Amino acid sequence: MCTRNPVIVVHGGSGRYKEEFKEVCLLRVKEAALQGYCRVQQGGSALDMVEEASTILENDPHFNAGCGAVLNECGEVELDAIIMDGKSLDTGAVAGVRNIANPTKLARLVMEKTKHVMLSDRGASRFAKALGFPEVPMESLITERSRERWRQNLQAASTPLDSQIDHGTIGAVALDTDGNVACATSTGGLSNTLVGRIGDTPCIGSGGYADNLSGAVSTTGKGEAIMKMTLARLIVFYMERGMSPAEAADTSLQCLWTRLQSHAGVIVIDNAGDWTAKFTTENMPWAAVTAGKVYYGIALGEIRTSAIEDICQ
Amino acid sequence: MAAVGTWAFSLAAVERVRRLMAAGNGATHCVQEAMAELENDKETGCFVVGRGGFPNKAGVVQCDAAIMEGLPGRFGAVAALPGVGIPLTVARVVMDKNTHNMLVGEGAAAFAKEQGFSIEDNNDMMSEAGLDAYEEFLENRKSTSKNHDTLGLIVLDHLGNITVGVSTSGAPFKDPGRVGDSPLPGCGLYADNRARAAAGATGDGDKIMCFCPSFHVVQLMKQGLSPADACQSVIQDICHRVGKKDIFEIGLIALNMKGEVGAASTVSFPYTFWARGMEAAEQRQSNPHTHID
């Protein structure tokens with residue numbers, strides 16, 4: 001059996017980042033990609049790789065996922081996440097879940113322990129409790145930055161969406177040595193939204209999609225627009241028809257702009273290990289690790305490279 | 001002008017659409033009104049829709065519903081919504097507000113209340129049949145119900161606008177908070193203005209959603225396939241992928257801007273249809289796909 005070169009691509013959310021956050025977000029995304037890659041060196045699967053990378057970024061307060069997530073209109077953290085196995089198309093998702101630090105891990109348990117795909121709201125919390133999944137005080141997930149953003153958005157003339165241009169969803173796609181692909185996406189949603197608002201992230205085909213027959217995708221951007229295009233499934237559809245990840249990503253992002261005047265970012269991998277990170281916003285911190293190298297960038301057109309040192313112990 | 005609905009019980013809805021369109025109403029209004037009548041009727045709850053539908057594992061009726069317009073691509077959905085007998089109408093209000101696409105659980109209920117809907121006691125959402133089935137489930141700790149129905153309706157109006165709506169009370173005795181395929185764009189429903197087409201899926205939601213079949217049917221129609229061929233192709237694809245042993249229940253309907261209809265399924269799947277020129281809506285049948293590798 002041919003053993004593939006494993007690949008992982010990770011993103012930290014598309015938007016326009018303030019100068020003071022660019023380098024730290026890029027560094028953290030790069031670290032998450034490297035750690036996700038280490039999982040396959042330890043015998044992990046594509047699912048393990050994307051779960052690892054997503055969990056690291058959920059635990060990092062710089063990103064709109066897990067700790068550091070934006071707050072809904074009541075000042076609360078509600079989290080969405082999805083994880084999908086390209087081999088079986090099995091999927092797990094949680095939507096509007098509270099008091100959970102790592103919704104990607106919980107989504108994986110939904111996939112593995114129930115016959116359902118998505119659990120939401122109190123049902124998701126009830127499931128977590130039944131499994132003994134750790135619950136955390138909501139306060140532990142709220143950062144001063146998120147709280148300040150929430151406070152500013154309470155002003156009558158505020159524009160919550162515009163003010164959130166630098167604080168996005170996180171995600172990962174991976175190919176393991178067995179040739180399986182997987183994706184994961186995780187978010188705190190949009191700041192100051194209605195309680196119970198769900199965006200694209202936990203919706204299969206919108207926030208992410210993975211199929212061994214073609215590849216895997218994770219998306220970031222304005223959820224309402226991404227959902228109407230089922231952006232992740234659209235990209236996989238184009239790959240099914242022979243497009244490369246880059247062509248499929250470009251074509252789909254162009255469709256999104258033409259149809260809905262919306263910008264977004266995507267990371268895409270195909271089942272042969274070809275990958276891309278594309279975005280039509282100013283920035284998206286991303287990193288890819290494969291064949292002894294790490295590639296990363298945050299500005300349009302930027303690709304930095306370095307060799308991987310022996311970081312997987 | 002045309003309309004198509006899932007399962008035999010949609011006949012009343014498609015007939016209502018015919019009369020509403022004769023009075024000059026547009027696609028979205030027709031979908032909402034026709035579906036509300038069926039959703040709110042406890043008697044049709046046994047078809048896993050709205051009031052009278054099957055409760056979740058904790059005995060609470062939680063509904064999923066969504067509506068999508070081909071032009072200009074507006075979408076609204078509610079999921080795990082308790083206490084409202086016309087969830088599709090709430091989804092329509094979400095769509096009209098156009099700030100968000102989807103609201104879930106208690107947030108959805110809070111929004112509905114704010115918009116003037118009553119959040120009713122769960123007892124008023126349950127039917128006797130639903131209660132009996134739930135008690136049987138509690139005794140046996142497993143569902144003997146094979147119901148995976150769901151109401152899907154696609155309407156093409158006199159202006160060439162296409163709207164699709166889907167409503168369900170979800171898998172009987174599901175885990176609380178479970179969201180199935182119905183309210184997810186690309187899964188339970190999809191509409192696109194360029195294909196001017198839509199598709200509604202019904203059956204085992206947890207299995208269906210992994211294929212995003214409604215999106216797939218619409219993409220194939222965009223590439224020139226008829227609604228019938230597009231549905232057939234997607235079902236064939238799924239059967240081939242899953243294999244005979246693991247095949248699950250799925251039925252698809254589709255409609256294009258010419259008013260041509262299509263349906264395909266892995267089970268015997270009646271659907272109802274009306275197009276301009278027909279005196280009344282009629283029931284048709286999709287037979288289970290047989291060429292499984």
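Letters A, B, ... are given to chains in the order of the sequence lines, protein chains preceding strands, and every chain is numbered from 1. This structure is a prediction, so every number in the text was calculated from the model and none was measured.
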In terms of heavy-atom contacts, B:Cys210 and A:Met84 come closest through O-CE, 3.9 Å
| request: Go through A:Cys203 and B:Met102 one step at a time and tell me if the side chain to side chain contact (heavy atoms under 4.5 Å, CB included) criterion holds. | output: CA-CA 10 Å; A:Cys203 297; B:Met102 189 163 174; 4.2 Å; yes
Can you check whether B:Cys212's main-chain N or O pairs, donor with acceptor, with A:Tyr209's side chain at less than 3.5 Å? no
Rounded to the nearest 0.5 angstrom, the CD1-CG distance for B:Ile238 and A:Leu89 is 9.5 Å
So, the part of B:Phe215 with a heavy atom under 4.5 Å from chain A: the answer is side chain
So NE2 of B:His100 and CD1 of A:Ile198: to nearest 0.5 Å the spacing works out to 10.5 Å
### Message
Determine whether a donor-acceptor pair (N or O, by modelled atom type, separation under 3.5 Å) exists between the side chain of A:His116 and the backbone of B:Asp175.
### Response
yes
Answer key: most heavy-atom pairs under 4.5 Å with chain B among A:Ile204, A:Leu213, A:Asp121, A:Thr193 is A:Ile204
Counting heavy-atom pairs under 4.5 Å with chain A, the top scorer among B:Arg241, B:Gln62, B:Met68 is B:Arg241
Honestly, the part of B:Ala110 sitting under 4.5 Å from a heavy atom of chain A is neither
Applying a strict 4.5 Å limit to non-hydrogen atoms, the region of A:Ser88 in contact with chain B is neither
For the side chain of B:Asn101 and the backbone of A:Glu224, is there at least one donor-acceptor N/O pair under 3.5 Å apart?
yes
Under 4.5 Å to a heavy atom of chain A? For B:Glu69 that would be neither
Output for pair (B:Leu184 CG, A:Asp200 CG), nearest 0.5 Å, gives 11.5 Å
In this structure, OH of B:Tyr190 is separated from OG1 of A:Thr230 (nearest 0.5 Å) by 4.0 Å
The reported gap from CG in A:Leu119 to CZ in B:Arg178 (rounded to nearest 0.5 angstrom) is 9.5 Å
Whatever's closer than 4.5 Å to a heavy atom in chain B on A:Arg233 counts as both
task: Using atom types as modelled and distance alone, determine if a side-chain donor or acceptor of A:Ser120 lies under 3.5 Å from a backbone N or O of B:Val104.
output: no
Can you check whether A:Val195 reaches B:Phe111 side chain to side chain, under 4.5 Å on heavy atoms?
no
Applying a strict 4.5 Å limit to non-hydrogen atoms, the region of A:Arg197 in contact with chain B is both
In terms of heavy-atom pairs under 4.5 Å with chain A, the winner among B:Val242, B:Asn98, B:Asp181, B:Thr99 is B:Thr99
One should read off an interatomic distance between A:Asp90 CG and B:Lys207 NZ, to the nearest 0.5 angstrom, of 9.5 Å
